[in-house]
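Here the structure comes first, spelled out in structure tokens, and everything after it is commentary.
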Amino acid sequence: MKPFAAKLAQELSSREDFALGFAADWDAVGKSEVLRTLACDAMRNATYALESVAKTAKRVLLFDRIHIVRVVQGAKAGVTVQKGILLITIAPQMGLSARPSSLAIARAMQAVL
């Protein structure tokens, strides 16, 4: 998982000149195939959303306000932005549909920028 997250961060840095990090409970994610799949999808969707927002007039605000993408487990899938963290909640009990789409992530970011 960590190499996958590092690769996404590197791609974002090279394509959009935007440096950020990905965080998760790596031990828990590594022990569950469902969590690993959802976390990978969530990180990939976040990367697509970040690239999309980076192509808008809100690019500078995005770079100033988001520094970490953190994936956490919860009862309901969702997205929030707080204190420099893009927090993506996945809900493994709901299956693969239990992670926010890249469009939902982009909309959540644009709403707070």
Side-chain angles (χ1 to χ4, degrees):
M1 277 297 302
K2 284 183 183 180
F4 176 76
K7 182 180 178 212
L8 289 175
Q10 182 181 24
E11 289 173 1
L12 191 57
S13 176
S14 68
R15 286 195 292 251
E16 298 300 333
D17 196 25
F18 181 32
L20 63 71
F22 286 90
D25 182 346
W26 302 116
D27 291 333
V29 169
K31 294 177 184 175
S32 166
E33 186 174 338
V34 171
L35 276 178
R36 188 171 39 257
T37 300
L38 285 171
C40 284
D41 282 350
M43 285 186 244
R44 189 178 301 111
N45 288 349
T47 302
Y48 295 148
L50 287 160
E51 288 175 338
S52 173
V53 175
K55 292 178 183 2
T56 70
K58 294 186 176 186
R59 178 183 178 93
V60 173
L61 292 173
L62 174 70
F63 292 180
D64 285 345
R65 294 189 184 169
I66 297 179
H67 308 288
I68 297 172
V69 175
R70 181 178 306 277
V71 178
V72 297
Q73 183 178 343
K76 182 180 173 188
V79 182
T80 59
V81 178
Q82 52 186 308
K83 298 181 183 177
I85 298 172
L86 173 61
L87 184 67
I88 301 175
T89 304
I90 57 175
Q93 68 278 8
M94 299 180 81
L96 288 177
S97 64
R99 85 295 183 245
S101 68
S102 59
L103 181 58
I105 296 168
R107 285 180 178 163
M109 286 187 293
Q110 289 177 331
V112 298
L113 297 177

Nearest-0.5 Å distance that lies between atom [atom1] in [X] and atom [atom2] in [Y]:
| X | Y | atom1 | atom2 | value |
| --- | --- | --- | --- | --- |
| Leu113 | Thr56 | CG | OG1 | 7.5 Å |
| Phe63 | Leu20 | CZ | CG | 9.0 Å |
| Arg99 | Cys40 | CZ | SG | 11.5 Å |
| Lys7 | Gln10 | NZ | CD | 9.0 Å |
| Phe18 | Leu50 | CZ | CG | 5.5 Å |

- Message: Using every non-hydrogen atom in the two residues, find where Ala24 and Val29 come nearest and quote the distance to one decimal.
- Response: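 Result for this residue pair: CB-CG2, 4.4 Å.
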
- Please name the pair of heavy atoms, one in Ala42 and one in Ile105, separated by the smallest distance, quoted to 0.1 Å.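 Taking every non-hydrogen atom into account, O-CD1, 4.2 Å.
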
- Item | Any donor-acceptor pair under 3.5 Å from Thr47 side chain to Met43 backbone |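 At least one qualifying donor-acceptor pair exists.
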
- Is the number of heavy atoms from other residues, nucleotides or ligands under 6.0 Å of Glu11 CD greater than 12?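 Atom CD in Glu11 is crowded, with more than 12 foreign heavy atoms closer than 6.0 Å.
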
- Item | CG (Asp64) with more than 12 external heavy atoms under 6.0 Å |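 Yes.
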
State yes or no: do [X] and [Y] share one hydrophobic cluster built from I, L, V, M, F, W and Y residues joined by side-chain heavy-atom distances below 4.5 Å, directly or via other members?
| X | Y | answer |
| --- | --- | --- |
| Leu62 | Tyr48 | no |
| Phe4 | Trp26 | yes |
| Val34 | Val71 | yes |

Please table the atom pairs, donor to acceptor, closer than 3.5 Å between any side-chain atom in residues 72-92 and protein atoms at least two apart or in another chain.
{"from": "Thr80", "atom 1": "OG1", "to": "Gln82", "atom 2": "NE2", "distance (Å)": "3.4"}

- Query: Stepwise, does the side chain to side chain contact (heavy atoms under 4.5 Å, CB included) test hold for Phe22 with Ile68?
  - Reply: CA-CA 6 Å; Phe22 286 90; Ile68 297 172; over 6 Å; no

- Pairs meeting criterion salt bridge (charged side-chain N to carboxylate O under 4.0 Å, His left out) with involvement of residues 42-60, two or more places apart: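 Pairs touching residues 42-60 that pass the test: Arg15-Glu51, Glu16-Lys55, Glu16-Arg59, Asp41-Arg44.
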
- Residue pairs involving residues 22-32 (criterion salt bridge (charged side-chain N to carboxylate O under 4.0 Å, His left out); sequence neighbours excluded):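 Every candidate salt bridge (charged side-chain N to carboxylate O under 4.0 Å, His left out) pair involving residues 22-32 fails, so no pair, neighbours aside, qualifies.
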
- Message: side chain to side chain contact (heavy atoms under 4.5 Å, CB included) for Val112 and Arg65? Distances and angles first, verdict last.
- Response: CA-CA 9 Å; Val112 298; Arg65 294 189 184 169; 5.8 Å; no

